[in-house]
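First up is the structure itself, then whatever we jot down about it.
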Amino acid sequence: MTAKATEAPLVLGIESSCDETAAAVVSGMRVLGATVATQHDLHEEYGGVVPEIASRAHLERILPVVRSALAEAKVRLEDLDAVAVGHRPGLIGALLVGTSAAKALALGLGVPFLGVDHVHAHLVSGLLEPASSTPPSNSSPSLPAIGLVLSGGHTSLYRIESLTRPILLGRTIDDAIGEAFDKVASMLELGHPGGPRVERLAVDGDPEAFDFPIANLGRQRLDFSYSGLKTSVRYKIRGIPGQEADHQPVKPADVAASFQAAAIGAVRRNLRKAISAHPDASALLVGGGVIANRSVRTMLEEECHKADLTLHLPSTAWSQDNGAMIAALGGLRLAEGESDDLDLAPAATTREDRVIHHPPAS
Ligand code: KG4
Ligand code: ZN
């Protein structure tokens, strides 16, 4: 049986918004082939992603990555039914590479082209299934659901009535949670990317050693703020400006553990607020690189158990940036009869208004 015999359309998804060049072939939520070429080694010496280096690396890698995903899926280019790309938000030069490649492929093949929002795509990553899964087990969440994206660029909560049109409830007003992990890693001289390294160091630390602040932006508000936490961590490591002479050295593992506890505590608190403001929600969809963190996963399991929500937790591989989530969201839009014109421009940001949602009284 060839992959073409599968029922849902075959969608190629391309991702190039930051420092991973990725492609995948997906049918419905089944991932037939997927390749991720990470650029972490290229950016490590700079302690963060350098946009020009990222764009150049995407250019070199994009076609090999597409070929590799097709080969793994045993799908020929001519078998594809559509091409989707994450066209926003992200580094504009990096997005241009993936968007141009996707448009060229769609035009050459004469198939629909779809630009999808990278952050919205993270929300479907917990629905992805391996090619071998028959029948699909996980792919239809009951809606409405709450959505949570925790990544290097985003910390956002959504109400999801339709997977293709999530409604933004709250987001960070300064740093994203993953960015805070990366900055704390840099203060502790752990290298880049910092999230996994902070998590590893935190294992040997005391999460209650320091009482780092969690910003509270108001009882009703579902926004996040991580800049105050980051500053407190800096003062704990280096001393308060002007009083460095009195500073006592601290154990890095205790800083990592206490920071991680505060960063995750902020998510737990806003998630609880979202759950109580949306009592009609019956599932939680999550995505983004920080979802790979074991303490985050445990917190999500605890909160969903308590609130009786079905948790759609992506595997560690699907929580980070990948082409499969892009293809899957593109496939959902295609099923709704949508596609985009080839003049769709990539965009560094997504313009979304926060909605204070009042769910129907049950
Ligand atoms: O979703 P993602 O791959 O890219 C963006 O769209 O931003 O997320 C990358 C972020 C980085 O900030 C990285 O440090 C963080 O996810 N991250 C983690 C862990 N693994 C990756 N943060 C905390 N704990 C982890 N285990
Ligand atoms: Zn991402």
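Just so it is clear, the structure is predicted and the values come from calculations on it, not from any experiment. Each ligand, and each atom within it, is numbered from 1 in the order the structure gives.
- At a 4.0 Å heavy-atom cut-off, ligand 1 touches Q320 through backbone and side chain alike.
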Review item, side-chain donor-acceptor pairs of residues 89-96, under 3.5 Å, at least two apart:
none

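- In this structure R234 satisfies the side-chain hydrogen bond (donor to acceptor under 3.5 Å, both in side chains) test with no other residue, sequence neighbours excluded.
- Contacts of D182 with ligand 1, taken as heavy-atom pairs under 4.0 Å, involve the side chain alone.
- Looking from atom 2 (P) of ligand 1 to the surrounding protein, the closest heavy atom is D321 OD1, 3.3 Å.
- The closest protein non-hydrogen atom to atom 18 (C) of ligand 1 is G195 CA, 3.6 Å.
- Side-chain N/O atoms of E72 and T35 include no donor and acceptor closer than 3.5 Å.
- For atom 8 (O) of ligand 1, the choice among G289, S319, P193 with the nearest heavy atom turns out to be G289.
- Atoms of the protein (N, O or S only) found under 2.8 Å from the Zn ion (ligand 2) are H118 NE2, H122 NE2, D321 OD1.
- Salt-bridge annotation for R333 and D340: present, with a side-chain N of the basic residue lying under 4.0 Å from a carboxylate O of the acidic one.
- The single protein non-hydrogen atom nearest to atom 9 (C) of ligand 1 is G152 N, 3.7 Å, given as residue, atom name and distance.
- Identified under the side-chain hydrogen bond (donor to acceptor under 3.5 Å, both in side chains) test for residues 256-268, with sequence neighbours left out: Q260-N293, Q260-S295, R268-E302, R268-E303.
- Only side-chain heavy atoms of H118 come within less than 4.0 Å of ligand 1; its backbone N, CA, C and O stay farther off.
- In this structure, H122 has a heavy atom closer than 4.0 Å to ligand 1.
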